[in-house]
Structures are given as C-alpha cells and as structure tokens.
Amino acid sequence: MRSGIAILTIVAFASVPLWLRDPYLMNALITTGIFIIGAMSLNLLLGFTGQLSLGHIAFFGIGAYVSALTSLGFDVGLPFGFRIVHVPWPPIVGFVLAIVVAGLCGYLVGLLSFRVRGAYFVIVTISFAEVVRLVALNWVELTQGPLALTNIPSITIGLPGLGDLTLRTKLQNYYLVLAVAVVTYVLISRLVHSHFGRAMRGLMENETLAVSVGIDVTRTLTLAAVISAGIAGAAGSLYAHYIRIIDPEVFAFINTVTMVIMVITGGKGSLAGPVVGGMIFGLLPVFLRPIMAPEAQWIAYGGVLIVILFVLPRGIVPSLALRFRKPKSRAETLAPVAFSERDAKEHA
Amino acid sequence: MTAIALKVEKVAVHFGGLVALSDMNFTVGEGEIVSLIGPNGAGKTTAFNVVTGFLDPTHGAVSYRGTALNGLKPHQIADLGLIRTFQRTSVFPNDTVYDNLLVGLHRRGRVSLLEAILGLPRARSSHRRLRERASELVEWVGLERRAHDLAGSLSYGEQRLVGVALALAAEPSMLLLDEPVSGMNASETHTFVQLVRNIRDRGVTILLVEHDMPMVMSVSDRIVVLNYGRIIAEGTPNVIRNDPAVIEAYLGQGATRA
Amino acid sequence: MSEFLQHLINMLVLGGTYALLGIGLTLIFGIMNVVNFTHGVLYTFGAYIMFIVVHQLGVNFFLALPLAVLAGWLLGAAIELTLLRPLRGSDIDTTMLVMIGAWIAMQSGALWIWGGVAKSVTTPFPEAPLVLGPVSVSWLRLFVLAAAAMLIVVTYLLINRTKLGCAMRATFQDQDTASLMGVNVDLIYTSTFAIGSSLAAAAGALLGPVYVIFPQMGDLAAVKAFAIVILGGLGNITGAVIGGFILALAEELGAGYVSSGYRDAMGFLIIIAVLIFKPTGLFARSERVG
Amino acid sequence: QTIKIGVNEPLTGAFAASGTYVVNGAKIAADEINAKGGILGKKLELVIEDNKSNPTEAAAVAEKLITSDKVPVLMGAWGSSLTLAVMPKLMEYETPMVVETSSSGKITTTGNPYIFRISPPSAIEAAAFKGIVDKLELKKVDFLVINNDWGRGTAEDFSKMMKEKGITVGAVETMDQGAQDMSAQLSKLKGTDSETIIVTTAVDQLTLIFKQAAALGLKKRIITTGGSQNPDQIIAQAGAAANGTMHLTTFLPWFPEKTPNPEATSYFIAEWKKRGYDFAGCTESFRGYDGIRTAAAAIEKAGKAEPAAIKAALWDIKVKGLNGDIVFRKSGPEGKESGQSQPNVYLIEITDGKIGMKTL
Amino acid sequence: MLEIRDMVCGYGGVTALRGISLEVKAGQLVALIGANGAGKSTTLRAISGLVAPRSGSMLFEGKDIAGARPPRVVASGIAHCPEGRRVFPHMTVEENLDMGAYLRTSAAEIAADRDRIYAEFPRLADRKRQAAGTLSGGEQQMLAIGRALMSRPRLIMFDEPSLGLAPNIVERTFAIIRGIRDAGTTVLLVEQNAFAALDMCDHAYLLEAGRIVLSGPGAEMIENEHVRKAYLGG
Ligand SMILES: Nc1ncnc2c1ncn2[C@@H]1O[C@H](COP(=O)(O)OP(=O)(O)OP(=O)(O)O)[C@@H](O)[C@H]1O
Ligand SMILES: Nc1ncnc2c1ncn2[C@@H]1O[C@H](COP(=O)(O)OP(=O)(O)OP(=O)(O)O)[C@@H](O)[C@H]1O
Ligand SMILES: [Mg+2]
Ligand SMILES: [Mg+2]
C-alpha cells in the first residue's frame, strides 16, 4: 500500500513534462523541487532530531558556491604569500564536492549542537549562516562577493557508451531534480527507520533517558547534521547549475524560512511532509501572481500559512493520516499532558 | 565474598556552596542487591548521577568491573552495562510503549549505517529480533494492553513500569533503580519484588534506592545509609533496622511496625 | 585614543538600544517560549505609530511615545487572542510558523499601507550634538538611552518583584499547576504577550526617530533581539541587558578595528563563542538530572 | 492588439520603494506614448511583474514574461544581482532587455548581447567625475560604500581614477544593505587624515549617515555617487545635517532648463506631480520613463514586435533621454557585445536646505 | 460538601472514569484507593477542573462546579496537590510557596503560614532560595504539599502525597493531614499506601477501571477480603 502510493507519486511526477509545456511552470517546478530537497534535509534534523536549524540555507549556499567554484575555477591569495589556483573541473565533480564540503560544515555545526540544543542551537545555526554569508560577501577574491559568480556551466553527466550529456534544457533538469529527490527520499526513509532513526527520536523526546540507555548524543546528532547538510549541499549544487548565477543573496534568511514553512506545514517528522508542503508553498506564489497585487500576494501567502496551521496544526500529512486512518490505537489522537513530557522539557 | 562490581571511592559532590555528597565509599559485589537509603536530600540520586556519568564528582572516583568511570560520558557508561532508572517518571512520551522499548533496545540493534540504508538482510533480521524482544518485555511488565498507546498517556504508575522495562531493554549487567516502587501499592510492590529477584537471578547486579522500607528490607542483601551526604551506617537489613542512628535520622518510630 | 573613546560612547548608546530590543523579546520568547517572529513587525509598528501621531495628528513627541506603547500593547493582545490562543498547547514549531505567517503578512501590510519609502520623525532635540572633549553624542540618543534604562528597570521589577510577574513565570513553567494556584492562565498569556509587544513598540517608537522608518526595519532588529536574548539566557532580563552591551561592543570594535564588512560577523562569532563555553547563555538556569 | 513590454522590478522586499518609483516612471512613459497613438498603430501594454527583490524570482519572472506573456522585450531588473540572474534567461530565449538602474560593470562585460543599459556603471560615473576632481582640490579620500556590487564597484572604479589623478585613497569602509547604525564606521573615518569621504548607497542610508555623522561631529566633505540619492528626501529627513554635502547625480529635476531635454523633463515632472507621487522619487523614476521610451523607440524602429528585430534596432536608435541622448555603444567581448549608453553626470550641492548646481 | 454524581470523564478517545458517584462530607477525611490507571488522579483533576467531565454533576457546597475552569474552582475553596510534584522548576522554594497563596491578600498571614511550613519541613527552610527544580525528589514533594497548604482551602485534595518521602517524613505528612482534618479542613486523599490511608480516613472509596466498586468506613475496608488481597499485599 505504502510503496504503491510512492510508485504512483513518482510516476505522476515523471509524467509531468509530457503534458505540461509551459516553461514558466516547468521552471517553477524545478526550483520548487530543488527547495523540496532542501526541505527534506531540514526535516531530517527538525522532524527526527527535534533540532531546528534556522540557518539551513548555509549548507545549501555552501553547496552552491562549492559546486560553482569547482566548475568555474578560481585563483586566490592566502596569508603568507600562498596562492591557490584551481582550474575548472566538470560540474559533476562539483556536485560531489558540494555534498562533501557541506557535509563537513554540517559536522562542525553538529559538533556545536552537542553542546547547545533547542533555542541555542537555533541561534548558532542562524549565526553560522550569517557568518558564511558575510564571508561570501566579503571574500571577493574567491566568491566575487556581491558581484556574483556568473556563467556557471550546466551539469554534464557521462553516460556509458553515449558520451557526455549536458543538462541544459528544462526537461533534463526536471528529471535530474526528480531523480535526486527520489534518492534523497529513499535515503532518509531508510535512515529514519533504522536504529539510527530510533536513536534520533529518542534524543528528541527525552534526551536524558535516551543517553541512559546508551545512545550517543554527539554521534547521533552529528551524523544527522552531516547527512542533512550534505543533502542540502546537493540541492544547492543543483540550484547553482540550474540558475547559473550565484551571489550572497542565496543565503537570505527568507530562503531558510521557505524551507521551514515547507517542512512544518507539510508535517515535520513525516517523510512525505516536506514534499506536500513544498509543492504548496513552492507553487502558491505562482498561482497568486496573476490574481492580486504584489503586497497582497505576500499577505495571502502568510494567510494561507496560518489557515493551514489552524486547520491542521500537526502539519498536513500527519493530520490527514490521522483523520483517514482507522483509530488503530485509542490514545493516538491526544497529546499527552503527562508528567514525563514536562520532565523531558525541563531537561532539554 | 564475590568479586566487586561497583566501587565508589571518596566521592564528593558540591553544588556551589552546598555539599550534596562528601567522602562516600562503598562497593557492590557481583550479583548482589544493595540498597542505598537515607532521608530526603541525603544525596542518593546524586550518587546515582555520579555513577552513571550524568554528574562529574568534585572529588573521588568510581569504577565498574575494574574500569575507571571518571570522564566517561553517560552513554559510554551505559555501554559498560550500567543502566539506571529515574526517580521522576521518564519515558519517550510521544512514542508508543512498544516503540519506547525499541529505542531502549538500542544497544542490541546496532548494525552499520550502510547496512541499514541499503536494507541488507542482516539489518532486517536484527530488526525482527528486536521486535520479538520488545514484545517479550511489554508482556513481562504486564502492559500488553497498553503496548500501542502513547507512553505519555499512561497513568503515573504505568509510566514507572515502562521506565523499568526500558532499563531492562538496555541489557544491564548492573541495574540502578531509583525509587522503582513509588506510586505502586503494596500488592504491586510485592509483584515487583519478585521481578527484582528474578533479574538478579539472571546475574544482574542491583543497586536500589527506595523509601519503601518493607520492600528494601525484604529484597536487599546489604544496605548503605546516607545522611547529609555521608554514610552513617552499612550492613544487613537486620542490622540497619535496629541501628538507632538510622531510626533517628530516617526510619522514624513507625518503622518498628514495618 | 579619541577614536577609541568615541567607539566606547557609541557602544554605550547602541548597547542601550539593543538591550531595549532584547527585553521585550525575552518576555515572549524567553518566558512564554513562543518564537516570536512578529517582534520585528511590532517594532516597526511602534515606529510608524510615532510617525503618524507626530506628523499626521500633530501630537507632541513626548505624548506620542506612550501612545505608541499603548498601540503596541493592543496589537500584541490582538495577536495573542486571534493567533496564539487557538493553538495553545500545540508544539512550539507550530506557533513559530504562525508567527512567521503573521510576520510576512503584516510586513507586507505595512508596505501596502505606507509604501516602501522611508519616513522620518522630527524630534524636539537639538541637532547639534553634545560634545565632551574628543567625543560627541546626540541628545536624542541620550534620551533614548535614559528611556531604555527606565523601561528596563520597570520590566525587571515587574517580572521579579510583583505578583503578576510571579504568576507569569509560573504559568509558562507549568500551566496546569499555575491554574491550580488560582492563576487565570488566559489572562496571563494575553497580558504577557501584550507587555512584550508594547516593549517592542516602545523600542520602535524610540528608535524610529533615531533612524528612519520603513517596512522592513524590524527584520534586522528582530535578529539582533533574538541573539541578545539567547546570549543573556532565556527569560533573564539582566542577561538581556548585558547581552545587548556585549553585542554592541563586539560590533563597534569589529567595525572599528577589524573590518566593517565583518561588523555583523563579529557579533555572531561572539555568540557562537559564548555558546561554546556557556551552552545555555551567559546566565544559565540551574538544572539537574534524575 | 497590443504591443507588450515586460517590466521586471522589485515591488516588495528590500528594494520595494525604488522598484515602485521606476514602475511609476514607466507608466508615465507608456501613457504618454499611448496618448500619442501608441506604436506601430497599436497600444503599448506594460506587463509589470514583481521580482520580490530576490534573484531567483527575477529569473523566474523573466521566464514568465517571455514565455507566457510573450513580451518581445523587457526592462529591468533594478539591482545588479537581480539583473545578473535574469541574463541567462535572455540568452536562452534570445530576448533583449533594457537595463535601467543596475550599475555592476559585469553586466555589460560578460558577453551577453541581449543587454542594453542606459544607467551608467560606476566606471562611467568615475570618468565623468574625473573632469571635476581638480576643481574640488581633493587630496585624500576615504570611501564608505554599501556592501554590494554597486558600492564595491564604485569604490574600485573611483579609486582607480583617483590614483590616476594622484589623489591618495585612504580607508574603504562598507556597510551592510539594511544596516541602520553606521556610527562605528563613521567614528573610524572621523579619525583618519583625509578631507573627503565618498559615500555610495541608497537614500535611506544616506540620510542616516548624514545624521549620524553630524552627531559624531564629523566635519569632512561628503560626496555621494550613484544617482539614487533623492536629495529632496535627504533634505526633508536629515535636515541641517545634509548641508554642505555634494551629490553626483544623473538627473536634474530641480533645474529642468539645465537638462539636455528641458521639454521632456518638464513634461515628466508635471505628470509625476499630477499623479500625486512624491517629488523626491523623480531621481529614480526617470529611469523607468527613459527605459520604456528606449524600448518603445526600438520597437518602432524595428517595425515589428519581435525580439530579434528589436535587438537589432536597439543598436540604431537615438532617444532624447531626460539626461542626455540614449545611444548604445558596444561593450564587452567581441562578437557578443552588450549595449551601453553614456548618460550625463552632474554634481549638485545642498546648501541651507536647497539644491544648487555646483558650478565649477 | 462535595457531591459527585455519575461523572464520566476521559481524554480524547479514552474513557478514564465510567460514571462515578462519591460524596465528601464537611470535616471528613475521605480516601480514594485503587490500582495504577484506575482513574484516581483523573477524579481529582475533574474536580479541580483540569479535565472537563463529559457528563454527570458535581456540587461543591451546593454550587455546581462541573466544567468550571481551575481558577474558579480554586477560588471557591478547593486546593489540589497534584501527582508528581509539579513544582515550578525555575522559581525558588519561597516563590513556589507564595504561588500557593496566590489568591490570598494578607501579607502577614501568608508570611506566618510560610513560617509554619518551614517549621514542619525544616529541609525546605534550608533551601529557601534554591531553584525548586534542583531539589531532590522528596524535597520537591514536601514543597508541593506545603504549597497546597498555603492556600488555606476548605477542601484539600492530595494526590499521593507520600510519594518519594522518607518514612519519617511520611509519618509527619500523615500527621499534618490528620491535623488539618482535625482543625476542620475537609480532605480528599489519594494514596498508594492504602493501609495508612484506610487507617486514618473516615470514609473510603475503591476505584477499579474507572468505576467505584466498594466504599465504606476505612476500618471496614481494611477488613475486606478483596481489598486486603489486591491492595494491602496480603
Ligand atoms: N543541581 C543542583 N543544584 C543545587 N543543589 C542540588 C542540585 N542537585 C541536587 N541538589 C541538592 O543536593 C541534595 C541531594 O539531592 P539528591 O537528589 O541526591 O537527594 P536524594 O537523596 O535523592 O533525595 P530524595 O530521597 O528526596 O530523592 C539535595 O538537598 C538537593 O537539593
Ligand atoms: N493525558 C492522558 N491522555 C490519555 N489517557 C490518559 C491521560 N492521563 C491518564 N490517562 C488514562 O486514564 C486512565 C486513568 O488514569 P489516572 O492517571 O487517573 O490513573 P491513576 O488511578 O491515578 O493511576 P496511578 O496510580 O498510576 O497514578 C489511565 O488508563 C490512563 O492511561
Ligand atoms: Mg532522589
Ligand atoms: Mg494517579
């Protein structure tokens, strides 16, 4: 049943280019898809470990810059007269490096998260993103600062026997994004259903207790942060090679907010949540655009957000799942108010 | 005398100016049931926190089966088989009882990340074994009826049972129980005593903190009494029961009835 | 040397500003545990009210200030009643997102009503600064500093010395138990949010005339406020004040002696550094396990 | 029935105020053209879209305008990062765009033959300024610039020019877009030994800088660049603090008679006032007006509303713009040059709350 | 004084109380006993308004309090010392006690009561300025009891007051409870230490699976075969 829905969904998405010819909508779908991948990675942290990263765009942006710089080449001076000169490499290498470097940054932030949780983690991630943005803005020699990196090449994939395929068109990019999204989905799904996933949930709900049964906080949280950041980096790389220009604006806070909106409205901690939330809030602006004034579009956007949360406060997917599933367990529909929850909060 | 499992040497804990424990020394032998009792605020839970790594002692050292525990993190200590329960109820409130136990079985279920992601057979069979074990544990604490309810929605006493089951799921070689029967009535306590004996018979060492004197007296091999962070008495239940200092500081006159 | 002195004076004035931004948020975020994304909008709102009251209604500057504070109080109460009350008891992320929605909608509303062109408020203070040897500082900013100090003291006393303050803290630590003490929890929720909001509006009303007023002015202010509250420890007023001055110092010296491009980075690096060494802010609450 | 021009501007977000001014100017141009009978016998229709001050949106908007609205030519996209983001789309769909505000040098040097810019990049501004620096007797200057392509570009190009002139360049300080407190930077500049500060940023920050400089007792000559100053707004909001400041600007709404095209300027200003817009906005909005007239002229010249023809025609037009003739010269790598027109640059000074031409 | 008829109560899909009726007479000490999950705490929560009853009536001194919100119930003279301590963790011991007297106004009387509680539980006096969340479990329990006493109610409900207390303190607590009953305050007591509860109460009810299955004077209940077996461990 589960896998049936999954396969149907994939087929439906795969068939879109067959009937949708409008390049603008295709463009919207591709950028939405890229942000959905970012949102899925955010969900891994927020939904499964309970740590809200409000600087998630940092990993996305780092991925974008790494990938762009790898494929464009650069020449920077370092202190003490050292220079690094890098000649362009194929974008696909950039894609891989984007994952690796973003993952490494995730490792750093994850190490920090060993010390700080909750609100403190939130501010550390915001700070991290701001610092990265300021570096991108001010290290002009490497990143061109506000002048932006332009003419980023499209991704080229080497196909055995068929030579190289450069993904220039919308159609090709669409399938690329779809493929990465599916892989990401499967990866996250396997991960959260493994014992790592249970360890993450345990930490989220009651850390003291989780630790007392032998769950390693640092390892688990860092692992989640690394994987999450790596995926966000991959999304950033797709973004750079699709939009083909990248500047420090990519680190804008509103981009993180967009991902957070996608995750929470869709339902954090649910695998399909970011996809559903992402489709809604990725495409909503497209539909609002022709029908109202620009300021009103934003007001409507905020309004839709609020209404969804009022009607389905746990997020769309979990709330609907509860509504349509037979009450398998009698206690499921209520939020426990019992003692242990408060204890958990106190310990957090 | 059996081999020493846990050794607490000269442990002191200060919170700012407050001395919660001072110069505490005691040992627990393999397979023993030792109780730690004392007035409220005597430092019993603090001692648990030191042993299980949640608190670094101001002075002193703890070792388990010859391994020094100083500087180890709580999860590393848990990996040595030293598992505790909490005085306050402690469960994973938004998971079902059954899933709580699956989390508790963490130490058992380890497979490599790659195996888990690729869904290799070893990961699958390990998963199946965990499920069986979780069902066993649910049955064992008598919560079958509640297995698929969220742990946070159970009553106080039921949550305490889940807490104990969780600790057992972690496969302790030594179990530290902090007031396990508080919130249970005499009959439930009676059943629980059987449980504790049962656990010990499987070779698990037990350190118990409890204010229920009948229970402590009936189950302990040895009792250590703390007052104001110091050990004031140590011995078999019979010795302790009649120790005037203990009666004065802790048991009160009613204890003679127990 | 005189440059350094000037930086110190700037730090003092800016720190007062930041402290003012921080205390309103420390009530709502630190005590109520609502990640209040509308803080910046309320700040903006206070500033616009000031503009309207002074320039369009022609009211005296000093009379306009309490009016702006009152308006902030009312708007805050309205937000709590309509947006937060129905979601009471749901998870912190849900309320955060509702606040994000309100932020987006209200900021665009401000753009719609007042347009994007910056406004400025004329003040009764002399334009010539107060000159003290090598350093100088504007009278307006001295006034803001004094007003901020007053608001901080009042808030501190309110939270720590009054029955209402006690009830507020109790309610957000354990709502059910507080109600068992006879606390009207609904009232506490609304008034806490309203008080925090009125402090945000007060900050806007005081700082709007110092700077210029435009719809997005609150965004940066809100980010700084969050940083300050966390630096000082959640819900800790003294902490927020000290956090504000630390942030101001880092920024002043960062811009003065490192590089103005990394001015804001200094602030954030300080935050990261503080949290590495004191993971729950400068003034941590004591906690225990077991 | 109509001929469309796509307008891709920031109407919400950080640049909402400026984008709205430009769009208002564009509307005046369109109405004027339609009142005179339209182009090629058809009505001119502006398809205005908000790019939300966000580069990704700017690219998406370009895509929408070109593919769904089928506009043959665009105007946009205000900021350089917005324009840069649009540029790959222009290549993809081979559609030209008139760039009305962006100043980054990169826009015309990366080899995008669909770009036709009427605003001066900072190098052109610097070149125009070169003629006056001797008369201003500059010896040592510091810079305080907004930390984006515009500010950084200005600092770079002006420094180069100054050095050629033998003027010493001291500190280069930056401020974040949106920053409200520049006291730290100004305190530092107060302590240096230069006599002039070149400031580049938009009007809101300029107001703050003048006020804060006055509060710090900073008494150096300040010259602003970039043409987004809206001096009237500065005077209204910074008051006495603005006195003595000088501004390099590209438009003179205060002295229509001194502009290259007095008649058009007067018409534009009259229309602007008639519509009840803030006079201060003129200095930004005229770009939208000029931009649309440029695009319209190219359509007229091409004789049909097709991108390729319009692109070709843009090279041949000569429009009397509000600040000089708009004629595109080639810029950038050979074979794929972008078009760049050379507008006039003026220096004005604020004295006693009034704007005066700095006659040198 | 308190009269409950056919009250049904639950949480979401769960029905915790399936129609219970009970009566507490003024000046009495009434005990409520039962196994884990029987619904004892839910009964107390329903009385103080923390959960709304689905049906049934509840009269306190003749006034209907069914469905009233807690502040109203408290103001009408009922105090509830909740299960699991529930102290305010980030407030000091003293502030916690003051919260207990939230609805009272006379500062002098409050101070006197506070001193009385410090005298009963000297441990708390040593810890006046300590954050309640860092107290030991038993110390928190003492604080919770003290806090409930601070409100000077006409009816006080204790949910497992002996939980986590040392034997000598349990004795003292029970003495206090008997003392306030003797001084005229009505008490409704939920206690796992069924023997002690039945021993000191005037009347007792036995709850099983959300229903009252037995009631009677404490001494009678102790003799009951079923009670002995299921709750007294013998
Ligand atoms: N984090 C802390 N900060 C300050 N004091 C603390 C802290 N943790 C514990 N204490 C104090 O240390 C003393 C010992 O506490 P502990 O919890 O070990 O007592 P206990 O013996 O377990 O008591 P109980 O039987 O009541 O559970 C108590 O007086 C307590 O107030
Ligand atoms: N918040 C809640 N959500 C759902 N069910 C609940 C909740 N609280 C209690 N219950 C259920 O209601 C029933 C009665 O619980 P209650 O807490 O009243 O029991 P109790 O008699 O006090 O037990 P104990 O002695 O263990 O405290 C139990 O089955 C419990 O699982
Ligand atoms: Mg204890
Ligand atoms: Mg109970």
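Letters A, B, ... are given to chains in the order of the sequence lines, protein chains preceding strands, and every chain is numbered from 1. All values below come from the heavy atoms of this structure, side chains included, with hydrogens, waters and symmetry mates left out.
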> Can you name the nearest heavy-atom pair linking D/Lys211 to C/Tyr211, along with the distance?
NZ-O, 3.8 Å
> So for D/Phe15, is it side chain, backbone, both, or neither that comes closer than 4.5 Å to the heavy atoms of chain C?
neither
> Below 4.5 Å from any heavy atom of chain D, which atoms of C/Met217 appear? Answer side chain, backbone, both or neither.
both
> Tell me, for C/Asp219 versus chain D, whether the close heavy atoms (under 4.5 Å) come from the side chain, the backbone, both or neither.
neither
> Taking side chain as everything from C-beta outward and backbone as N, CA, C, O, which of these in C/Glu252 sits under 4.5 Å from a heavy atom of chain D? Side chain, backbone, both or neither.
both
> Any donor and acceptor pair, going by atom type alone, linking the side chain of C/Ser260 with main-chain N or O of D/Gln185 inside 3.5 Å?
no
> Do D/Gln233 and C/Val117 have side chains that get closer than 4.5 Å, going by heavy atoms?
yes
> So which atom in D/Ala240 and which in C/Glu127 form the shortest heavy-atom distance, rounded to 0.1 Å?
CB-OE1, 3.3 Å
> What part of D/Ala280 is in contact with chain C, defined as an atom under 4.5 angstrom from a non-hydrogen atom: side chain, backbone, both or neither?
neither
> Picking from D/Gly178, D/Gly217, D/Ala17, which has the most non-hydrogen pairs under 4.5 angstrom with chain C?
D/Ala17
> Which heavy-atom pair separates D/Lys190 from C/Ser136 by the least distance, and what is that distance?
NZ-OG, 4.1 Å
> With a 4.5 angstrom heavy-atom cut-off, could you sort out which part of C/Pro209 is near chain D: side chain, backbone, both or neither?
backbone
> For D/Leu216 and C/Asn10, work out which heavy atoms get closest and say how close.
CD2-OD1, 3.6 Å
> Top residue by heavy-atom pair count (under 4.5 Å) with chain C, among D/Ala179, D/Ala241, D/Ser183, D/Gly19?
D/Ser183
> Side chain from CB out, backbone as N, CA, C, O: work out which of these in D/Leu189 comes under 4.5 Å of a heavy atom of chain C, or both, or neither.
neither
> In this structure, are over 12 heavy atoms from other groups packed under 6.0 Å from D/Lys140 atom NZ?
yes
> Is D/Ala171 in contact with chain C via its backbone, its side chain, both, or neither, using a 4.5 Å heavy-atom distance?
neither
> Under a 4.5 Å cut-off applied to non-hydrogen side-chain atoms, are D/Gln180 and C/Val212 in contact?
yes
> Any sub-3.5 Å donor-acceptor pair from D/Thr174's side-chain atoms to C/Gly261's backbone N or O?
yes
> Under a 4.5 Å heavy-atom cut-off, does chain D meet the side chain of C/Pro134, its backbone, both or neither?
backbone
> Determine whether more than 12 heavy atoms belonging to other residues, nucleotides or ligands lie under 6.0 Å from atom CH2 of C/Trp114.
yes
> Is D/Gln237 reaching over with its side chain to a backbone N or O of C/Ala118, donor-acceptor style, under 3.5 angstrom?
yes
> Can you name the closest pair of heavy atoms from C/His7 and D/Ser187 and give their distance?
CE1-CB, 3.7 Å
> Which atom pair, heavy atoms only, marks the closest approach of C/Pro129 to D/Ala215?
CB-O, 3.2 Å
> Rounded to the nearest 0.5 Å, what separates atom CG in D/Leu208 from atom OG in C/Ser120?
9.0 Å
> So for D/Gln205, is it side chain, backbone, both, or neither that comes closer than 4.5 Å to the heavy atoms of chain C?
neither
> So for C/Val13, is it side chain, backbone, both, or neither that comes closer than 4.5 Å to the heavy atoms of chain D?
neither
> Need one label for D/Ala214: side chain, backbone, both or neither, based on atoms under 4.5 Å from any heavy atom in chain C.
backbone
> Is a salt bridge present between C/Arg141 and D/Asp181, judged by a nitrogen-to-oxygen distance below 4.0 Å?
yes
